K.L.:
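Starting off with a structure, shown below.
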Number of protein chains: 2
Amino acid sequence: MPQTNPGQLWKVGELAGRTGLTVRTLHHYDAIGLLSPSGRTGSAHGSGHRLYTAADVARLQQVLSLKALGFSLEQVSEYLSRGDYDPRQVVRLHLERVRAQAAELREITARLTALADALDRQEVVSADEFLNTIEGMTMLDKYYTPEQLEQIKARGEQVGEERIREVEAEWPRLMAAVQAEMDAGTDPADPKVQAFAHKWVSLVNEFTGGDPGITASLRKMYETEDRIHTMDVKAMRPMFEYMNKAFAAAGIKLPGA
Amino acid sequence: MPQTNPGQLWKVGELAGRTGLTVRTLHHYDAIGLLSPSGRTGSAHGSGHRLYTAADVARLQQVLSLKALGFSLEQVSEYLSRGDYDPRQVVRLHLERVRAQAAELREITARLTALADALDRQEVVSADEFLNTIEGMTMLDKYYTPEQLEQIKARGEQVGEERIREVEAEWPRLMAAVQAEMDAGTDPADPKVQAFAHKWVSLVNEFTGGDPGITASLRKMYETEDRIHTMDVKAMRPMFEYMNKAFAAAGIKLPGA
DNA sequence: CTTGAACCTCACGTTACGTCAGGCCGTACC
DNA sequence: GGTACGGCCTGACGTAACGTGAGGTTCAAG
């Protein structure tokens, strides 16, 4: 049976099954030297089965994020072989892209909804309405120009870098303070706790960008998963419930609720 | 100069510019008989310039919606040549698809956010986190299976058809009632108007599915455009403002606000 | 009547895989 | 310890949806 330990290895089929990619795709990435598995099975002379490590999986993620940004596979290769690249930045760029796409999907939804409505009423639909709809659709699968990429990159470095550190530094402080009130048996409706509640949502919003859908998804993740990387979510659940009471008392609603 | 009248005609370049497609793409669609322009210029012997009519534009929208659903161009041709198809249904299917994609984008955003966070903290990121992220990404550009399409289709016919008529029948009634109160000079905070306000948001929510982003986009559309197909939005604006006051008085917030 | 931009028709090139074909590996079972 | 069979291997050719010229034509403005 396949292992589940750290130091885990995946065979192509396993990796394909887990990721939703096809075996052929992984073969292809290997063939062009974009992502070659770190290991192979036995193999005295013949060629053994591909074995992918966790590091390979991490690289795969980078590859796919860059591809999602509109890079060709060749460009992805180049990018990843230049030593001066930052995986975090790739993720951030992809994130930015995904957010933009979400906005475009909303636009398209509005257009399509209007169109469906008009068609349902048997009205004469103006060509402009069709054209606007089409325009929205085509925008969706347009990629960034190099200039746009640079711009996003710059913004990410500028705002992101330092502000992220700041926000991150605030979380432990806030959580320690809340824990203290919990231990002291303070009522969630107490003004002190209310102040913490407001601080809490502002930090959450800074993290999510205030997007209700993202907030909801994130909340679901924290509710259903017991650990998120090294964070023991399960142990934090009492605090979440405490804060939910505080939110209720303060009349605060998170964007996703 | 290019016309702007009804009965308008577009040349390839114009249509391409307006839609975001390329000229080559339109040529291609013509070459394979998927979308051939209804007209051509002059042309005694040589081949004149392509002239697209409003009907061609409408067909183009259908083509692109079907393509967005994952059909190959050949399948689109087939689909559109079968006489028994319904343009409204195509739009509805596309709408459904777009909604699903939006949900997947939210999932991806949550994953990427978690990943960015983990990377920023220099923590050891588990392979699972990468794998989940990758899985989300690959799901996004997977198309529906025929069975799924059938299922959506069935649901759309069943729920959609009749309920849409109902909702549509309610709007004119509601708007007439509101207009009457406006004419009578009734205060927006008046209980009668408040009841209308609640009815109003429930109809809007039924239309948007309660999605805040979509509601916001739709609102923007109604604020920036003076007419939407045959509807004189401009003339309705006083009523919108009246209702906004009513919302404020009732403490109602639309999901997008 | 000319001129430049936009259009026309071939026709071959490209990307990112899909899809066989024919053979090898590995592990579960007897 | 043999064997069976699902999964893996390496070629190698196929494909969808255009991209990208080449070389000639059309049209609206001046």
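Note that the structure is predicted; figures quoted are calculated from it, not measured. Here is how names work: the chains are called A, B, and so on, in the same order as the sequence lines, proteins then strands, and each is numbered from 1.
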K.L.:
By nearest atom, which of the nucleotides dG26(C), dA16(C), dC8(D) is closest to the Thr41(A) side chain?
P.N.:
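Closest nucleotide among those given: dG26(C).
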K.L.:
Please check the phosphate of dT10(D) (OP1 and OP2 only) for any side-chain N or O of Arg40(A) closer than 4.0 Å.
P.N.:
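Looking at the OP1 and OP2 atoms of dT10(D), one of them is under 4.0 Å from a side-chain N or O of Arg40(A).
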K.L.:
Show your reasoning for whether salt bridge (Lys or Arg N to Asp or Glu O under 4.0 Å) applies to Glu107(B) and Arg111(B).
P.N.:
CA-CA 6 Å; Glu107(B) 180 75 22; Arg111(B) 295 286 178 199; 3.5 Å; yes
K.L.:
Taking only side-chain N and O atoms of Arg50(B), does any of them lie within less than 4.0 angstrom of OP1 or OP2 on dC8(C)?
P.N.:
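For dC8(C), OP1/OP2 do have a side-chain N/O of Arg50(B) under 4.0 Å.
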K.L.:
So which heavy atom on Leu115(B) is nearest to which on Phe130(B), and how close?
P.N.:
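Closest approach of Leu115(B) to Phe130(B): CD1-CE2, 4.0 Å.
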K.L.:
Counting side-chain heavy atoms from C-beta on, which of dG19(D), dC17(C), dT9(C) comes nearest to Leu73(A)?
P.N.:
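Side chain of Leu73(A) sits closest to dC17(C).
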K.L.:
Reckon Lys11(B) has a side-chain N or O less than 4.0 Å from the OP1 or OP2 of dA5(C)?
P.N.:
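For Lys11(B), the contact criterion (side-chain N or O under 4.0 Å from OP1 or OP2 of dA5(C)) is not met.
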K.L.:
May I ask you to verify if any side-chain N or O of Tyr29(B) is less than 4.0 angstrom from the OP1 or OP2 atom of dA17(D)?
P.N.:
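Checking Tyr29(B) against dA17(D): no side-chain N or O falls below 4.0 Å of OP1 or OP2.
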K.L.:
Select from Leu51(B) and His28(A) the residue whose nearest nucleotide in DNA chain C is closer to the 5' end of that strand.
P.N.:
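Its nearest nucleotide being more 5', the pick is Leu51(B).
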K.L.:
Go through dT20(D), dT10(D), dT19(C) for me and flag the one nearest to the His27(A) side chain.
P.N.:
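Nearest to the side chain of His27(A) among the choices is dT10(D).
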K.L.:
The side chain of Ser72(A) lies closest to which of these nucleotides: dA16(C), dC18(D), dA16(D)?
P.N.:
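The closest nucleotide is dA16(C).
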K.L.:
Mind checking Val23(A) for me? I need base, sugar-phosphate or nothing, with any heavy atom below 4.0 Å counting as a touch.
P.N.:
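Contact class for Val23(A): none.
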K.L.:
Nearest to the side chain of Lys67(A), heavy atoms from C-beta on, is which of dC17(C), dT10(D), dC8(C)?
P.N.:
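Comparing dC17(C), dT10(D), dC8(C) against the side chain of Lys67(A), the answer is dC17(C).
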K.L.:
What nucleotide, of dC18(D), dA16(C), dC8(C), holds the atom closest to the side chain of His49(B)?
P.N.:
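The answer is dC8(C), which lies nearest to the side chain.
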K.L.:
Kindly point out which of dC7(C), dC9(D), dG18(C) is positioned nearest to the side chain of Val12(B)?
P.N.:
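Between dC7(C), dC9(D), dG18(C), the one nearest the side chain of Val12(B) would be dC7(C).
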K.L.:
Please tell me which of the listed nucleotides, dG18(C), dT9(C), dC18(D), lies nearest to the side chain of Thr22(A)?
P.N.:
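Comparing dG18(C), dT9(C), dC18(D) against the side chain of Thr22(A), the answer is dG18(C).
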K.L.:
For Gln75(A) versus Phe71(A), what's the shortest heavy-atom pair and its separation?
P.N.:
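Smallest heavy-atom distance, with atoms named: OE1-CA, 3.4 Å.
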